[in-house]
Every structure is written in structure tokens, then in C-alpha cells.
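Here's the structure, in C-alpha cells; my notes come after.
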Amino acid sequence: MLKIEHCPLSRVPQTQRLSLLSVAIVHMGMLTALDQFMLGAVLGNSMALIDTFIAIFIGSLIFGIATFGLGFAGMREGLSGSLLARWCGFGRIGSVLIGLVVAVSLLGWFGIQNAIFAHSLNFATGDKLGFVWAAALSGILLTALVAFGFKALRFTARIAVPLFILLVAYISTQVLSGGASQQLHEIITLPHSGETLSINAGITIVVGGAIVASLMTPDLTRYTKSGKHVFGITLLTILAGEFVINGLAILIVKALNTADVVTIMSQAAGGAGLLVVVFSTLRVNDLNLYSSSLGVINAVEGITGKKLRYPPTTMMIGMLGTLLSILGILERFVDFLTVLGVVFPPILGIMLVDYYILRSHRKVLDESRQQGTLPNETPTIGWAAIIASLIGSVIGLGADWGVPAINSLLVASVAYGLFKLVCKRL
């Protein structure tokens, strides 16, 4: 059984490596959840059909290259993403800062998923609670459950993904089989009804919706046995998440003429659909809040040496996420994905450039790998990587040309390479 909390500060030995399927199922779970369906709904409501699949294809290509590259490094070294970053340009403190960025992004995801939960709860009560009270109630409830470790959440997590996949399959059959008002060939030609997104913007939000999974891929692929397994895991995740879940969401949105997930589920599956949405948001937000709390605790300890207690930290982060829900982060979903799509690619690009091209610490990594230990030398902080990441993110957000995700990735990678070259010569 795959447990990603094993070997947090050491290499995974070859004797503990697992089968392709064991790791692939966990990795696919990252992109076959409600948030990926929401992304497909946004694309279907904002772009023509051919444009959506162009955006998905190019975005998946970027995601696939970054995911395979980083996943292969994780498999080869047997290291998690945060550990790998220490010897891929960022150093010990830089890797802690990356963990903090991931924690903040997961906080945003918590706010978005809690807003969906609140809309479902409010809809189920006939709008008697009101969104604000529903969001406050659901956020406080889930935060308390995660903070104090209720075992019921484990059961929820086990059934949420299969139930959600079955629900999407059921809705797809109902809506696209001809029982709805349009046949499939008519649905394909329908125009979008929401505010128009360009292909470049679509590519960036596709990357933004999946890029955190890229950074977390070494956490899983360190348990794999070969590069072929890493490639298979990457390909299966892209097919299942980007093309199947996204593709079905796009067609369903066009058929029902709405991007509101709660409306889609209630129209197509009634109360059962709302119940699955609730289970799915519980499952996703359980992981979001847990991982975000650990990320903040690790970051504070790595920078200040002070160790925060888990329950109060979780309560604080949960309250912040709930506040984001109440303030309307769901209405800024596209903006949120855009930010993720330009902030994380620079980090991935720099790690790939350092590991595969500059090979700054490959010698100490290779030597320590033979002994099954971590390198004795650990850089304190990689200023070149941090500055290059900031430059790439600023260019990605500010430039009005090209694809923001690609801009930030390339600018940061080139800037990092130049910084290292200059430093070496000096």
C-alpha cells in the first residue's frame, strides 16, 4: 500500500518500490476529482470546442514534460519533491519556501472547494441558510474534523473518488446519449455562453489546474521501479484527468448551458448528485487542509526553528480558507488558476534545468545514492533559483504576448542558467 508520508527525509530503497498500478491510481486521483471537472466546465463555458481541446492538448504537453522530467528524477533518486529541490537549485531554505508556496496554493483550493460545498448545502436547504452562513458552517465543520483527526474522513476519502467517477459517467450517459434536448453532434457545434477565453489563457489555466500535481509527482514516483513506469503514470493521468474528465465536463456544460457545478449535478442527478459533490469536496479539502497545515508547519520550522502545533495551525488555516470562500474566491477561479499557471512553472523549469542540464549537485547525489543516504553537502539557499523564479512569474503575469505559462517557464529557466553561468565565471 502506498503511503506518501513514509521516508519523508530519506531515500526510498529499491526494496520498497511498488508496481505501476499502485502508484498510478494514487497519481490519477489528483486529476480525476471535482476541481478538474470544474476546470472543464470553465473551458466549455468560455471557449469554442476546438479551441478547448487545443488548449487541453498544449497544456497537457507542458504538464506532461514537466511531470515526467521531475517524476523521473524522483524515481532515480528515491526522493520527494521538497527534498529534491534542495539539490536542484533552491537549497534547504529555498525548498522550504517552495513548500510554503504549495501550502498557500492549497489554501486557495480549500476556499474554492468549500464554496462549492456551501453552494450545495444552501441549494439543498432551499436557500434558507444563505451562502455566507453555509460557507462558514461547512468550513468550520471540515476544519474541526481535520484538526482533530476524525477517522470518518478516511471512509469518505475511499468512496468519494469512485462515486464521483460513477456520477460523471452517469451524467454523461444521460446528457449525451440523446435523451437530452440535443444530440451529441448538435452539442459539439453549440457556441459557448460565458465570457470568452483566448487559447493562450486556456492553456495557462489548464497548466494551473494541474501544475501543483507536477511538483508533488516525485513524492509518488520515488516508489516506482523504472522510467517506463513514470511515463505510464504520467500518460494515464493526462488521459484520465485532462481528456476524459475535462472532455466530458466540456460537453455536459455545452449541453446544459451552465458552468455551475451544483446546478449541473442537481439537474442531472438530483439529491444523489449533490451528495456526491459534498463527498468529493470533503475528500479534496481533507487533503488540501492537511497538506497545507504540514507545509506551513515545516516552513516555519525550517526558517525559524520553531515548531507549531498541528491542531491550532490547522484551525487557523481552515478559518483563512473559509474566509476566502465567503469573500468570493470561487468567482475568481480563472484568475486563481492563471496565477498557479505562472507561479509554479518557473519552479519546475529551474529544477529540471539544474538536474538535467547544469547538473550542479549530480555528483554528490550519485555518490550518496550508491550508499542509500542523503548528500552530506546541503546548500543553504539558492538565490539564483529564487530570483529567477520571481522574474519568470512577473513576466508571466505581466506580459501581454504569448502563453503566460510558457513565458514564465522559459524566462525563469533561461534566467537561472545565465545566473549560474555568470556566478561560475565570477
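Only this structure's heavy atoms are used, side chains among them; waters, hydrogens and symmetry mates stay out.
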Next on the checklist: Taking side chain to side chain donor-acceptor pair (under 3.5 Å) as the definition, give me every residue that meets it alongside Ser138, ordered by chain and number, with sequence neighbours left out.
Outcome noted: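 In terms of side chain to side chain donor-acceptor pair (under 3.5 Å), with neighbours along the sequence ignored, Ser138 is linked to Asn114.
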
Considering only residues two or more places apart or on different chains, which pairs with a residue in [range] satisfy salt bridge (Lys or Arg N to Asp or Glu O under 4.0 Å)?
range: residues 369-382; result: Glu77-Arg369, Asp366-Arg369
range: residues 398-419; result: none
range: residues 135-144; result: none

Among side-chain atoms of [X] and [Y], is any donor-acceptor pair under 3.5 angstrom?
X: Thr224; Y: Thr221; value: no
X: Tyr356; Y: Arg362; value: no
X: Arg17; Y: Ser226; value: no

Checklist entry - Who pairs with Phe336 by ring pair (Phe, Tyr, Trp, His ring centres under 6.0 Å), at least two apart in sequence or on another chain? => result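 Scan of Phe336 (ring pair (Phe, Tyr, Trp, His ring centres under 6.0 Å), adjacent residues dropped) gives Trp109.
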
Next on the checklist: Checking Phe53 now: which residues fulfil ring pair (Phe, Tyr, Trp, His ring centres under 6.0 Å) with it, not counting sequence neighbours?
Outcome noted: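 Ring pair (Phe, Tyr, Trp, His ring centres under 6.0 Å) check on Phe53 returns nothing, list empty.
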
Any side-chain hydrogen bond (donor to acceptor under 3.5 Å, both in side chains) pairs touching [range], not counting sequence neighbours?
range: residues 330-350; answer: Arg332-Asp335
range: residues 227-246; answer: His27-Thr237, Gln36-Glu242, Glu242-Asn246
range: residues 406-426; answer: Asp354-Tyr416
range: residues 38-47; answer: Asn45-Ser193

Evaluate the side-chain proximity of [Y] to [X]: yes if any heavy-atom separation is below 4.5 Å, no if none is.
X: Ile381; Y: Arg92; value: no
X: Phe231; Y: Leu235; value: yes
X: Asp35; Y: Ile112; value: no
X: Ser80; Y: Pro218; value: no
X: Phe344; Y: Ser214; value: no

Between side-chain atoms of residues 58-65 and protein atoms elsewhere (two or more places apart, or another chain), which donor-acceptor pairs fall under 3.5 Å?
from	atom 1	to	atom 2	distance (Å)
Ser60	OG	Ile56	O	2.6

Checklist entry - Asp51: what forms a side chain to side chain contact (heavy atoms under 4.5 Å, CB included) with it, not counting sequence neighbours? => result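 Side chain to side chain contact (heavy atoms under 4.5 Å, CB included) list for Asp51, sorted by chain: Met47, Ala48, Ile54, Ile199.
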
